[in-house]
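All values below come from the heavy atoms of this structure, side chains included, with hydrogens, waters and symmetry mates left out. Chain identifiers are assigned alphabetically (A, B, ...) following the order of the sequence lines, protein sequences preceding nucleic acid strands; residue numbering begins at 1 within each chain.
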Amino acid sequence: MLDLRAFRSGAEDARERLARRGDPEVLDALDRALAMDARRREFIAEVEVLKARRNDVSKEIGNRKREGEDAADLIADMQEVADRIRALDAELQAVESGLQDDLLKIPNVPDDRVPAGGEGEFEVVQEWGDRPAFDFEPRPHWDVGSELGILDLERGARIAGSGFPLLMGAGARLNRGLIAFMLDLHTREHGYTEVAPPFLTNRDCLIGTGQLPKFEDDQYRTDPDDLFLVPTAEVPVTNLHRDEILDGQDLPLAYVAYTPCFRREAGAAGRDTRGLLRVHQFDKVELVRFTRPEDSAAELELLTRHAETVLEKLELPYRRILLPAGDLGFSNAITYDLEVWSAGVQRWLEVSSCSSYTAFQARRADIRFRPDGKGKPAAVHTLNGSAVALARTLVALLENNQQADGSVLLPEVLHDYVRQERLTIS
RNA sequence: GGACGGGUGGCCGAGUGGCUUAAGGCGCACGCCUGGAAAGCGUGUGGGCAUGCGAAUGUCUCGUGGGUUCAAAUCCCACCCCGUCCGCCA
């Protein structure tokens with residue numbers, strides 16, 4: 001949620017950055033919100049004067065009654081005042097809820113470093129590792145996986161539908177080993193606290209992180225209870241501190257969580273959906289940080305490095321790209337995507353998205369901290385990043401490490417976790 | 001799912017319509033006292049919104065949302081959460 005106060009006095013710089021998203025409707029919505037905010041403050045000024053009078057006179061009525069005096073004239077006056085307060089309060093409430101509804105649909109202001117431009121106009125920040133060379137034609141993971149007997153897309157579809165993959169045997173163990181490897185890395189070497197959160201959350205959580213109200217169609221919702229399957233661990237973990245005032249001394253807070261992720265991918269049917277490239281359910285290890293505003297830029301670099309370390313240890317060639325404003329997520333101020341090269345499909349696959357949300361989510365979820373000493377509570381900055389998403393990482397491992405005989409070599413860090421060095425056709 | 005009991009400030013806890021500006025205690029901060037400390041004494045101590053350069057003032061806030069009333073922590077309605085017991089259950 002935007003801080004309207006920051007826009008009341010012009011704020012041309014922020015307007016300009018908002019415009020970089022390339023959606024003129026956003027600026028219109030902002031102007032409507034500012035107009036409603038002005039009306040809101042007029043109503044408040046008017047009704048508060050009346051309430052102050054009512055409080056004074058009610059006290060006087062109480063005094064008179066105690067003394068056994070008559071207060072009928074004052075009560076009659078106050079009946080009229082109470083009616084006006086009721087009417088004004090109703091109007092004020094209508095304006096406030098309208099304003100709130102609109103405000104929740106306006107996206108975050110892009111960071112200064114974010115370039116203008118639409119999807120595809122990203123900036124490559126760095127590349128790591130060499131793409132593997134083959135003396136045979138590398139095959140896509142759906143062939144490699146099914147031949148190894150570790151990936152069964154047909155049976156997954158029979159159980160739940162297309163986009164719900166089924167792993168078997170060493171494939172399931174590889175998946176589990178990857179989760180354990182990542183959690184161990186981040187807790188032991190990067191200082192994160194492990195969290196095992198609920199996999200369903202209420203509506204407030206999704207409003208807090210920004211999936212709702214705009215993107216309800218992308219969520220899996222359970223019917224009688226109105227709970228949502230988490231699309232990412234970002235949702236439950238960021239909301240861990242919803243409605244809290246944190247001690248400034250405790251910042252930054254760093255959490256890592258494994259959860260499955262459930263996404264309806266509405267409107268994405270048929271697009272990059274082969275095999276494990278785009279699925280409705282996948283596993284992911286997520287990093288979430290709560291920081292002071294002045295630290296969030298440096299914290300994003302740190303968090304992104306933590307995610308990159310996973311790929312380096314898995315010996316997967318990747319690149320870091322900086323997303324342009326037109327491709328930036330609704331709540332995000334700045335995002336680096338990490339993409340691994342996958343030799344079978346011959347493409348860069350997004351396996352991580354590392355973002356700063358500045359105070360956008362913190363204002364929606366009411367997560368604040370108390371600066372040192374005295375001072376008013378202020379919104380924290382939230383950041384998160386996948387470290388990393390499993391399904392596509394599995395794709396890259398199978399495709400990049402495949403051998404001519406159909407077997408797949410595993411990177412050294414996984415040997416103990418999977419209890420084998422090579423996946424072979426049995 | 002059913003029955004009963006609860007939800008008050010950072011914490012404990014009093015408060016069944018107006019004398020409550022939410023008693024009292026604990027904690028915390030500052031001051032006095034002291035060679036220093038403890039004890040003691042005194043003062044202060046939540047958050048949101050609005051107005052204001054600020055000091056400050058007003059308003060809202062006793063689980064949440066409605067309602068009754070000139071006036072609600074207190075009365076009424078709905079919901080949420082916690083506890084205990086029962087039922088069901090991995």
Margin query: Both distances below 3.5 Å, Watson-Crick or wobble geometry, any strand: find the nucleotide opposite B:C28.
Written below: B:G44
Note to self: Once ring-ring contact (aromatic ring centres under 6.0 Å, His included) is applied, do any residues pair with A:Y318, and if so which ones, sequence neighbours excluded?
What the structure shows: A:W128
Margin query: Between B:U57 and B:C62, how far apart are the two C1' atoms, rounded to whole Å?
Written below: 24 Å
Next item on the list: Any salt bridge (charged side-chain N to carboxylate O under 4.0 Å, His left out) involving residues 147-162 of chain A? Give me the pairs, sequence neighbours left out, ordered by first then second residue.
Entry: A:R139-A:E147, A:D152-A:R155
Checklist line | Beyond-backbone contact of A:E46 with A:E91, side-chain heavy atoms, under 4.5 angstrom | finding: no
Next item on the list: Could you state the atom-to-atom distance from CG of A:D56 to P of B:G58 in whole Å?
Entry: 9 Å
Next item on the list: Hunt down the Watson-Crick or G-U wobble partner of B:G52, both distances under 3.5 Å, from any strand shown, or write none.
Entry: none
Notebook entry, point to check: Using purine N1 to pyrimidine N3 plus N6-O4 or O6-N4 for Watson-Crick, or N1-O2 and O6-N3 for G-U wobble, each under 3.5 Å, what pairs with B:C79?
Noted result: B:G63
Checklist line | Pairs satisfying ring-ring contact (aromatic ring centres under 6.0 Å, His included), at least one member in residues 60-84 of chain A, at least two apart | finding: none
Check: Restricting to pairs with a member in residues 146-184 of chain A, which pass ring-ring contact (aromatic ring centres under 6.0 Å, His included), not counting sequence neighbours?
Finding: A:F164-A:H280
Checklist line | Integer-rounded Å distance: B:U64 C1' and A:D243 CG | finding: 12 Å
Margin query: For B:U69, give the paired nucleotide (Watson-Crick: N1-N3 plus N6-O4 or O6-N4; G-U: N1-O2 and O6-N3; both under 3.5 Å), or none.
Written below: none
Margin query: Rounding to an integer number of angstrom, what distance separates B:G5 and B:G63 when you compare their C1' atoms?
Written below: 16 Å
Notebook entry, point to check: Does any nucleotide pair with B:C85 by Watson-Crick or G-U wobble geometry, both distances under 3.5 Å, and what is it?
Noted result: B:G2
Checklist line | Span that lies between the C1' atom of B:G17 and that of B:G24, in whole angstrom | finding: 23 Å
Next item on the list: Could you encode protein contacts along nucleotides 68-83 of chain B as a string, one character per nucleotide from 5' to 3', using B for base contact, S for sugar-phosphate-only contact and - for no contact, with a heavy-atom cut-off of under 4.0 Å?
Entry: --BS------------
Next item on the list: Starting at the 5' end of nucleotides 46-51 of chain B, put B wherever the base has a protein heavy atom under 4.0 Å, S where only the sugar-phosphate does, and a dash everywhere else.
Entry: -SSBSS
Next item on the list: Return each pair, listed once, that meets ring-ring contact (aromatic ring centres under 6.0 Å, His included) where at least one residue sits in residues 207-245 of chain A; pairs must be two or more places apart or across chains.
Entry: A:F215-A:F330, A:H241-A:Y255, A:H241-A:F290
Check: Can you name the residues that form a salt bridge (Lys or Arg N to Asp or Glu O under 4.0 Å) with A:D83, not counting sequence neighbours?
Finding: A:R86
Check: Rounded to the Å, how far apart are A:D204 CG and B:G65 P?
Finding: 12 Å
Check: Quantified in whole Å, what is the P atom distance between nucleotide B:C32 and nucleotide B:A37?
Finding: 11 Å
Item checked: Watson-Crick or G-U counterpart of B:U74, or none if no pair lies under 3.5 Å -> none
Checklist line | C1'-based separation of B:A71 from B:C33 [nearest Å] | finding: 47 Å
Notebook entry, point to check: A:N63 CG to B:G18 P: how many Å, rounded?
Noted result: 13 Å
Checklist line | Test ring-ring contact (aromatic ring centres under 6.0 Å, His included) applied to A:H306 - qualifying residues, sequence neighbours left out | finding: A:H190, A:Y192
Margin query: From CG of A:L246 over to P of B:G10, roughly how many Å is that when rounded to an integer?
Written below: 15 Å
Notebook entry, point to check: B:C75 and B:G6: how far apart are their P atoms, nearest whole angstrom?
Noted result: 12 Å
Notebook entry, point to check: In the strands shown, is B:A39 matched to any nucleotide by a Watson-Crick or G-U wobble pair with both distances under 3.5 Å, and which?
Noted result: none
Next item on the list: Measure from CG on A:N55 to C1' on B:U61 and round the result to the nearest Å.
Entry: 13 Å
Next item on the list: Using the C1' atom on both, measure B:U69 against B:G31 and round to a whole Å.
Entry: 46 Å
